[in-house]
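Input: a single structure, listed below in structure tokens.
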Amino acid sequence: MQKYKIQKRITSKAEELGADLAGFASVEALKKSPSHYLLSAMGDSIDGEPADFSSRSFSRVEWPSTVRTVLIIALSHPETKPELDWFHSKGNTIGNRMLMDINKNLSAWIEETEGIKTYPLSYYVEKGGVYLKDAAILAGMGCLGRNNSLITPEFGPLVRLRAMFLEAEIEPTGPINFDPCNNCQEYCRKACPQEAFDSKVTLPDDIQLASLPARDAFYRRAKCMHQMSLDWSNSEYLAGDETLGGMDKEGLRDTGNVVVKHCRQCELACPAGSIVTKR
Ligand code: B12
Ligand code: SF4
Ligand code: SF4
């Protein structure tokens with residue numbers, strides 16, 4: 001009963017601070033989750049593509065031994081607010097900044113009010129973060145869709161995630177029984193400009209995974225990465241937009257006013273997301 005009350009108090013506070021969803025997963029379960037297993041078995045390069053900070057290997061980043069629970073928060077990124085997802089050249093998206101602020105305030109509140117030590121986590125796994133989709137699925141926020149994204153009942157795939165570790169054991173809030181992909185015509189896969197879902201990723205034979213990327217391994221990270229590079233070359237200069245830090249006097253492109261509008265066709269095409277955003 002007491003555990004339930006803690007869950008409720010923390011998720012309510014997360015919502016009050018601006019999160020749209022929040023949930024808990026156990027650190028032990030997360031250590032064994034498919035992405036973490038794949039990483040420990042293969043290193044940080046999948047489909048020939050290393051992680052963002054490939055020089056720091058996963059094995060060198062130890063999670064604190066005292067942590068027991070991971071708290072995941074989600075912010076909805078509806079189609080009607082595309083700017084939340086634009087990556088500013090100074091670093092970060094507006095949505096991710098909002099999530100970081102919520103996480104920071106929530107962490108301070110949990111430490112002060114609940115007396116639980118917290119560890120807000122980096123976005124990057126190679127800097128000590130967690131695989132956020134695995135964590136969110138274990139926390140009952142939704143399932144992994146055929147577009148290789150977390151699909152939530154409330155917002156479809158149109159959410160962004162952030163997490164923190166807690167030193168207390170808190171009852172996990174998932175997983176849940178939810179599958180919008182059953183009988184769907186895979187609009188997500190057809191929408192991909194790089195045909196990233198048209199071929200299988202090659203994984204070593206000795207890797208035994210119960211859960212594959214995009215469910216059936218038909219997701220080519222390398223093709224999606226190629227689209228990301230194209231998005232960078234099509235970045236746009238937003239004059240007068242100082243949201244993420246001010247304009248250089250010469251109007252140079254590295255001031256925070258250049259935005260990259262990354263592809264999200266595989267999530268925007270998903271009807272599980274459009275039901276909510278078109279309401
Ligand atoms: C590296 C990265 C990328 C890389 C590589 C993506 C990849 N999947 O490998 C690139 C740059 C290509 C990329 C692209 C995109 N990304 Co990205 N990316 C990440 C990052 C940093 C790590 C992801 C990763 O490497 N995962 C490991 C690989 C192996 O995972 P995987 O391919 O999904 O396969 C595993 C899972 O599917 C899992 N799984 C399958 N079934 C099940 C079932 C259960 C029960 C469980 C527990 C797990 C599980 O098992 C598979 C391994 O076998 C995360 C942030 C984070 N810290 O987690 C964001 C993240 C996954 N990306 C995100 C987004 C939004 C995108 C893009 C839409 C681009 C954009 N506009 O931001 C595209 C979508 C591509 C796609 N369809 O997957 C969001 C996803 C939100 C969501 N609703 O799912 C995240 C969580 C970041 C965020 N801001 O919240 N991304
Ligand atoms: S469009 Fe959405 S519901 Fe349909 S298969 Fe793709 S992820 Fe699943
Ligand atoms: S983000 Fe774009 S390129 Fe990458 S898998 Fe989705 S639709 Fe394809």
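The basis for the numbers below is simple: all heavy atoms, side chains too, and nothing from hydrogens, waters or symmetry mates. For clarity, every value in this text was computed on a predicted model and none was experimentally measured. All ligand and atom numbering here is 1-based and tracks the order in the structure.
Taking only non-hydrogen atoms, the option from Phe87, Tyr123, Phe155 nearest to atom 85 (C) of ligand 1 is Tyr123.
Of the heavy atoms in Leu150, both backbone and side-chain atoms come closer than 4.0 Å to ligand 1. In Cys188, the parts holding a heavy atom less than 4.0 Å from any atom of ligand 2 are both the side chain and the backbone. Contact annotation: for Cys263 versus ligand 1, heavy atoms closer than 4.0 Å belong to the backbone alone.
Interface atoms of ligand 3 facing Phe197, defined by a heavy-atom separation under 4.0 Å, are 5 (S). Residue-ligand proximity, Gln227 to ligand 3, at heavy-atom distances under 4.0 Å covers atoms 3 (S). When each atom of ligand 1 is checked for a heavy atom of Val159 under 4.0 Å away, the hits are 81 (C), 82 (C), 83 (N). Ligand 1 places these atoms under 4.0 Å from at least one heavy atom of Pro157: 83 (N). Of all atoms in ligand 1, listed by their number and element, those nearer than 4.0 Å to a heavy atom of Leu38 are 29 (C), 52 (C). Less than 4.0 angstrom separates some heavy atom of Val130 from each of these atoms of ligand 1: 56 (C), 57 (N), 58 (O). Annotation for ligand 1: atoms under 4.0 Å from non-hydrogen atoms of Leu144 are 37 (O), 40 (C), 41 (N). Heavy-atom proximity to Pro180, at under 4.0 Å, picks out these atoms of ligand 2: 3 (S).
Of all protein heavy atoms, the one lying nearest to atom 2 (Fe) of ligand 3 is Cys263 SG, 2.3 Å. If you check which protein heavy atom lies closest to atom 8 (Fe) of ligand 3, you get Cys192 SG, 2.3 Å. Nearest protein heavy-atom contact of atom 6 (Fe) of ligand 3 is Cys266 SG, 2.4 Å. Protein heavy atom closest to atom 4 (Fe) of ligand 3, with residue, atom name and distance, is Cys224 SG, 2.4 Å.
Residue Cys270: no N/O/S atom is found under 2.8 Å from atom 4 (Fe) of ligand 2.
In this structure, His36 and Trp63 have perpendicular ring planes: the angle between them is above 60°, well past the 30° mark.
Salt bridge status for Arg189 with Asp216: present, with a side-chain N to carboxylate O gap under 4.0 Å.
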